[in-house]
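Residue numbers start from 1 in every chain, and the chains themselves are labelled A, B, ... in the order their sequence lines are given, proteins ahead of strands.
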Amino acid sequence: MTECVECGAEVSLHDDLEVGEIIDCTTCGAELEVVDTEPPVLERAPELEEDWGE
Amino acid sequence: AETITASVVGGSGFTGGELLRLLAGHPNVEISEVTSRSKAGKSVGSVHPPLRGSDLRFTEPDDLESVDVLFAATPHGVSMGRIDEFFEVADTVVDLSADFRLETEAQYDEWYDGHEAPEYLETAEYALPEINRENLAGADLIAGGGCNATATILGLYPLFEHGILEGSAERVVVDVKVGSSEGGAGGGEASSHPERSGVVRPYAPTGHRHEAEIEQFLGTSVAFTCHAVDMIRGASATSHVFPASPVSKGDLWQAYRGCYEDEPFVRMAAGGSGVYRYPEPKAVAGTNLGEVGFELDPSNERIVVFSAIDNMMKGSAGQAVHAANVALGLEETAGLEFTGLHPVGAP
Amino acid sequence: AETITASVVGGSGFTGGELLRLLAGHPNVEISEVTSRSKAGKSVGSVHPPLRGSDLRFTEPDDLESVDVLFAATPHGVSMGRIDEFFEVADTVVDLSADFRLETEAQYDEWYDGHEAPEYLETAEYALPEINRENLAGADLIAGGGCNATATILGLYPLFEHGILEGSAERVVVDVKVGSSEGGAGGGEASSHPERSGVVRPYAPTGHRHEAEIEQFLGTSVAFTCHAVDMIRGASATSHVFPASPVSKGDLWQAYRGCYEDEPFVRMAAGGSGVYRYPEPKAVAGTNLGEVGFELDPSNERIVVFSAIDNMMKGSAGQAVHAANVALGLEETAGLEFTGLHPVGAP
């Protein structure tokens, strides 16, 4: 378990975590990048701004 | 598990049918009677497809059987005239109309055509558990919230509860988009299929009745506008809020998680990834869920708050069953477990 | 009557097809060329049903033929790279993208990815005749307005033009509902039919590109939010305006009639009776008409302004043809006479 940087809720992590992996927070949906595994550290992943067209 | 007997007065309308559908699937409820003047004698399934095969038939709404809880899905103005009679046959009455929502007779004089049983207004409890749970336990008279007010209140409540808004200085604009079931089965020319399809139709440019209900629970006046859009069931409220002092995303998440993290029927949807990044009626259609989300707009000193519900469920029948579960000490989510469909068409 | 030659660069998209449909029916226009890299060699009717039977075929977008007027219906970023080439073959260029809408290079740095031909920004004229007619006569480079900005500007313009709003103190909230054609033919997962049907989906909670364009022409900042709804073509803008001092319905009618009474493409719809009391995309689908209306909300010191357009027409191709008619001294309504259908489904 670790905290989501966006909303502060608990983020459940699977055990064979890899640096660089993207995990989405199940509370706020934010995309988080694993920057360290022992202990697990998450940062906001650079999410590409979806182009809404028009 | 405990079983309670329930009846539905006014069971042939859309809301009455939704109540029947939920109560028929409720583990702790046995339906004893469903009344309808217009459909008396007909099977409930002939009017409401989800109930096909049920032997339940509509009965005349006079000389009601005694039950533990009576749900009134009648038009505005009916319950206030029959409330004494309802309490003669039931210990708990859940009214889905607007007849007992507001606190004072003066409000009914202003927004409706007065009130026939104002003495009940004091004791009536608002049905939305997320903001009134402690008063609902053991309540006798429960008043279901209006669907537009429910969507709006769910979105804004955490901002007031956690002091981000004090409710005096700030300007709040609420722009709602709703489905056609809000107008009920009847409705005039404007709700014929050719005229009602594919609209984005402002129909209550200044919605004072909704504003009165919202102001009562949030303590602030809101500028409200409603549009009919091409949905049958669903309400989406977008609130544009201008707080007196700047606020951070962290403050917002703290307020919303603080209010809703442990709520069984509120889901957060505030940005993130995927197709459904913000609350959307499609995502909650047929469920008792409310979706709530927000976006910060520093350049305009604005918070944009989104909330989406199914006006037939969280905005009406679902909220009534949820409130009854709380009042009667049943499992809160009993009979309300459905979590929606994906993909799905217009709700 | 006079005949001018016209070409469409980027004719296979929705907007390109709409332009073709209008130009093919225009009494003063002869289409000389329609380019499309992806559909080169194919007949225009194979892509755009309204043009079935036409012997016109898409050509490669290189070595363009010289024409009187060139319409560019290309994605953002294309025209700014080819503008010199366009002016080598045409006296008048009408660009439907955002490439020449804003006045300064700084705005493109902030909201887009900079600009490749900023020297043209000075002379480019905004295509909306209702607010820029005098500058359009004889203009060489015409920049089509964005659909959301067009809907918003049409609604609010009279309030600024007649001093009801000065553009400084007042708070203006714009809540827009749009159809799926705004995203063009492509679009990712979110625009697949199962996911895009039946939505009320906030997609630009804080729509800064639109705000920049609106602010440029109204001189005030607006707090903008956009929702996708279940329409293909259509945009409905509801503006919540809080004027510094009270205003009467008489003032409002004077301002709106003053600006629009003689305009061929603006219809007022502010209250009154019947099913269509306020502006509605269905009522203007396929036409170059904009519907504008308002409602006064004294208790909230608010004016609610409604405006509805067809984003493919008044918000794009129709506006381009209207502007070209003005620039080339043709009859303003030439080729734009269609006044809509009733009853009709989702636009």
Residue among B:Pro343, B:Ala346, B:Pro202 with most heavy-atom pairs under 4.5 Å to chain C: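 Result: the option with the highest number of such pairs is B:Pro202.
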Using non-hydrogen atoms only, which part of B:Val199 is less than 4.5 Å away from chain C: side chain, backbone, both, or neither?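 Contact with chain C: backbone and side chain both.
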B:Tyr276 versus chain C, heavy atoms under 4.5 Å apart: side chain, backbone, both or neither?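 The side chain, not the backbone.
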Run the side-chain contact (heavy atoms from CB on, under 4.5 Å) test on C:Arg201 and B:Tyr278 for me, step by step, so that the C-alpha distance in whole Å, both residues' side-chain angles and the decisive distance to 0.1 Å come before the verdict. CA-CA 7 Å; C:Arg201 173 176 294 163; B:Tyr278 295 100; over 6 Å; no
For chain B, which of [options] has the most heavy-atom pairs under 4.5 Å?
| options | value |
| --- | --- |
| C:Val275, C:Thr238, C:Val173, C:Val222 | C:Val275 |
| C:His193, C:Glu295, C:Lys282 | C:Lys282 |
| C:Arg277, C:Met231, C:Glu211 | C:Glu211 |

So does C:Asp175 pair up with B:Lys177, basic N to acidic O under 4.0 Å?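 Answer for the salt bridge query: yes.
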Would you check if C:Asp230 and B:Val229 make a side-chain contact, meaning some heavy-atom pair closer than 4.5 Å?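 No; the side chains remain at least 4.5 Å from each other.
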Looking at side-chain heavy atoms only, is the closest gap between C:Pro205 and B:Phe294 below 4.5 Å?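 Counting from C-beta outward, C:Pro205 and B:Phe294 never come under 4.5 Å.
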Any donor-acceptor pair under 3.5 Å linking the side-chain atoms of B:His227 with those of C:Ser236?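 Distance-only check fails for C:Ser236 and B:His227.
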Does anything in residues 297-305 of chain B get under 4.5 Å of chain C by heavy atoms, and if so which residues?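 Within residues 297-305 of chain B, the residues that come under 4.5 Å of chain C (heavy atoms only) are B:Asp297, B:Ser299, B:Asn300, B:Glu301, B:Arg302, B:Val304.
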Which atom of B:Glu280 lies closest to which atom of C:Val200, heavy atoms considered: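 It is CG-O, 3.2 Å.
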Below 4.5 Å from any heavy atom of chain B, which atoms of C:His342 appear? Answer side chain, backbone, both or neither.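 For C:His342, the contact with chain B is made by the side chain alone.
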Does atom CD of B:Gln216 have more than 12 heavy-atom neighbours, drawn from other residues, nucleotides or ligands, at distances under 6.0 Å?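 Atom CD in B:Gln216 is packed in, count exceeds 12.
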